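Note on naming: letters A, B, ... go to the chains in the order of the sequence lines (proteins, then strands), and numbering restarts at 1 for each one. Values in this document were obtained by computation on a predicted structure and should not be read as measured data. Hydrogens, waters and symmetry mates are skipped; everything else that's a heavy atom, side chains included, is used.
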2 protein chains.
Amino acid sequence: MLVNIAIVDDKASNRSIIKDKLLRHKIFEVSLIAENGKDFLDKMKVLPPDKVPSVVLMDLEMPEMDGVDAVAAGSYLYPTVKFVMLTIFDDEEKIFKAIKAGAFGYLLKDESAENIAETLEQMHENGVGPISPGIAHKILQLVQNNTVSLIQKHIPEKDKTPFNLTEREQEILKLLVQGLQYKEIGSRLQISPNTAKKHVLNIYSKLHVNSKTQALALAYEKGLI
Amino acid sequence: MLVNIAIVDDKASNRSIIKDKLLRHKIFEVSLIAENGKDFLDKMKVLPPDKVPSVVLMDLEMPEMDGVDAVAAGSYLYPTVKFVMLTIFDDEEKIFKAIKAGAFGYLLKDESAENIAETLEQMHENGVGPISPGIAHKILQLVQNNTVSLIQKHIPEKDKTPFNLTEREQEILKLLVQGLQYKEIGSRLQISPNTAKKHVLNIYSKLHVNSKTQALALAYEKGLI
DNA sequence: CGGCCAATAATCCATTTGGATAAGAAGGTA
DNA sequence: TACCTTCTTATCCAAATGGATTATTGGCCG
């Protein structure tokens, strides 16, 4: 039986190289190609069930929506899909965040370009998430150096708002997760309930969800709060 | 130049198998053999400086003093020595503890018995701690499941149902926090959406809330999930 | 046996929410 | 200035939710 794979990368050359590698193995079918996280989620929504990928190869660095956010939303919306990140070596923070967000495996771009198909085949056989040795070593060190301190340490560097939420939207999200309804949010922030609602709906579209409960689930699971 | 290796294992057969594998590569010298953690530390004390191993292959399960304690003490006493653990697959807690204690690498016993020497050679070249894919995958999951929770999880071992929720209600609560709506809950559990709704409303009254979002907020805050 | 509770299911109705769409005001930027 | 984004507000409509109530079934307990 064919195994559906999705490729998400902003560089066209990468996409075609990976695709070529995969298609050389007859068990793989590339059923979705996207050029960033948002594009991927959008395309997933309209994908026929038999095309839903079992594995998503996702670049970490992408415009519009990066791999971290995409894996966070994606692993919530499609729990059965396995996300394997493709990355360069030195982005420690993103590596860590993507793991927390639900990445299933982690491959170094250069290291695995050659044998990416073989790696996926192995993964398909034994169900173990593929991890490049270098990354594994890094993860081990992260755990050794007590994980938690590392999470904190990196926060002050950059505070890119997750999912490109605006400040106002984050403010609203905070109230949302407290279980408030539009009216209440409105009066807390001294704005019309209609406005509150508008903000909430905007948040939905950024998170690619469509209800309060889904937004809460995602926010809690991925630690947006 | 020769690379000194130490082997620590309580089974004589393992010791000799590993030793044989290593000696086939002429760059390796086995300068210390011990049968448990205590034995290893004792022998390290009286070892001439030129025999001090660069790498210690250490079994996890051993009598007298196990691999965890040995690596904890050893990595403190001999910071330059690299400890590579040899283990069976399922001892999650020990795997984790050994990492925290300072293990440099982690190999599955069976998986690596064949190519242990090659693995060490690679490690010697690129300085990256060797980790079997299965272990790497497990570590990744540990990080995903928030590391810290595993450390503490073992202390409180109570399973009193919170808020007097019935089993069915807890089942429903679990689906609720995933962001499902009545219809979806109903079809998941093979019951009518009306019944699902009824259960949810019953949950509300037990939790003293009156909306899904409030229920979620409470469930997450109090860790009912 | 009678009573109690959990689980199941349904109905009615008011409120809330989600989705689409439009549009004005304030701010920054090319 | 023209343009873009964010924040603001609004309206219409369909769908989902919350609240109240009633009813049947099957276990369990005294």
Side-chain angles (χ1 to χ4, degrees), chain A residues 36 38 41-42 44-46 63-65 69 73 76-77 159-220 224, chain B residues 159-220 224:
Chain A
N36 62 59
K38 186 170 183 317
L41 291 174
D42 287 344
M44 279 292 281
K45 279 186 196 153
V46 296
E64 275 260 38
M65 181 189 282
D69 286 351
Y76 167 70
L77 292 170
D159 46 294
K160 167 220 156 199
T161 48
F163 289 91
N164 292 316
L165 295 184
T166 66
E167 279 200 27
R168 193 56 156 176
E169 283 163 354
Q170 293 204 75
E171 208 177 345
I172 297 224
L173 183 58
K174 273 182 203 147
L175 299 179
L176 207 56
V177 297
Q178 288 168 35
L180 304 190
Q181 44 183 215
Y182 299 145
K183 280 184 193 171
E184 299 170 312
I185 294 174
S187 65
R188 289 270 186 111
L189 300 181
Q190 307 281 35
I191 57 178
S192 150
N194 292 311
T195 307
K197 175 184 167 181
K198 181 60 181 149
H199 283 304
V200 170
L201 293 179
N202 286 339
I203 292 171
Y204 290 172
S205 78
K206 286 187 180 176
L207 302 194
H208 290 84
V209 299
N210 43 27
S211 75
K212 284 191 183 183
T213 48
Q214 283 184 8
L216 291 230
L218 186 59
Y220 274 112
L224 305 189
Chain B
D159 46 20
K160 165 213 151 204
T161 47
F163 290 91
N164 293 316
L165 295 184
T166 68
E167 277 197 31
R168 193 56 156 174
E169 283 162 355
Q170 293 203 69
E171 207 177 347
I172 299 227
L173 183 58
K174 274 184 203 145
L175 299 179
L176 207 56
V177 298
Q178 288 169 36
L180 305 189
Q181 44 185 208
Y182 299 145
K183 279 184 195 171
E184 299 171 313
I185 294 174
S187 64
R188 289 269 187 111
L189 300 181
Q190 307 280 38
I191 57 178
S192 149
N194 293 313
T195 307
K197 175 182 168 182
K198 179 63 179 145
H199 283 303
V200 171
L201 293 179
N202 287 339
I203 291 172
Y204 290 171
S205 76
K206 286 187 181 177
L207 301 193
H208 298 278
V209 298
N210 44 25
S211 77
K212 284 192 181 183
T213 47
Q214 285 182 12
L216 290 230
L218 198 147
Y220 276 110
L224 304 189

Figure out the [atom1]/[atom2] separation between [X] and [N], and round it to whole Å.
X      : N      : atom1 : atom2 : value
A:L189 : D:dT9  : CG    : P     : 10 Å
B:I191 : D:dT25 : CD1   : C1'   : 15 Å
A:N202 : D:dT9  : CG    : C1'   : 13 Å
A:N164 : D:dC4  : CG    : P     : 19 Å
A:E171 : D:dC7  : CD    : P     : 9 Å
B:I172 : D:dG18 : CD1   : P     : 13 Å
B:Y204 : D:dG18 : OH    : P     : 3 Å
A:H199 : D:dT6  : NE2   : P     : 11 Å

With a non-hydrogen cut-off below 4.0 angstrom, is [X] in contact with a base, only sugar-phosphate, or nothing?
X      : answer
B:K183 : sugar-phosphate
A:L201 : base
B:T195 : base
A:K197 : base
A:N194 : base

### Worked check of side chain to side chain contact (heavy atoms under 4.5 Å, CB included) between B:Q170 and B:I203
CA-CA 9 Å; B:Q170 293 203 69; B:I203 291 172; over 6 Å; no
Has [X] got a side-chain N or O lying under 4.0 Å from the OP1 or OP2 atom of [N]?
X      : N      : value
A:K212 : C:dG18 : no
A:S211 : C:dT17 : no
A:Y182 : C:dT16 : no
B:T166 : C:dA7  : yes

### Whichever of B:Q181 and B:K198 has its nearest DNA chain D nucleotide further upstream toward 5'
B:Q181
### Message
Quick check for you: among C:dA7, C:dT11, D:dT8, whose closest atom lies nearest to any side-chain atom of B:E169?
### Response
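Within the option list, the nearest is C:dA7.
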### Query
Among the nucleotides D:dG18, D:dC7, D:dA10, which one has an atom lying closest to any side-chain atom of B:N210?
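Closest of the options to the side chain of B:N210: D:dG18.
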### Message
If I compare all heavy atoms of A:K212 with all of A:Q181, which pair ends up nearest, and what's the gap?
### Response
NZ-CA, 3.3 Å
### Task
Quick one: pull up CD in B:E171 and CD1 in B:I185 and give me the separation to the nearest 0.5 Å.
11.0 Å
### Task
Could you tell me the separation between the OG atom of B:S187 and the CG atom of B:L180, rounded to the nearest 0.5 Å?
8.5 Å
### Message
Working note: A:E169 + A:L176, criterion side chain to side chain contact (heavy atoms under 4.5 Å, CB included); need CA distance, chi angles, decisive distance, verdict.
### Response
CA-CA 10 Å; A:E169 283 163 354; A:L176 207 56; over 6 Å; no
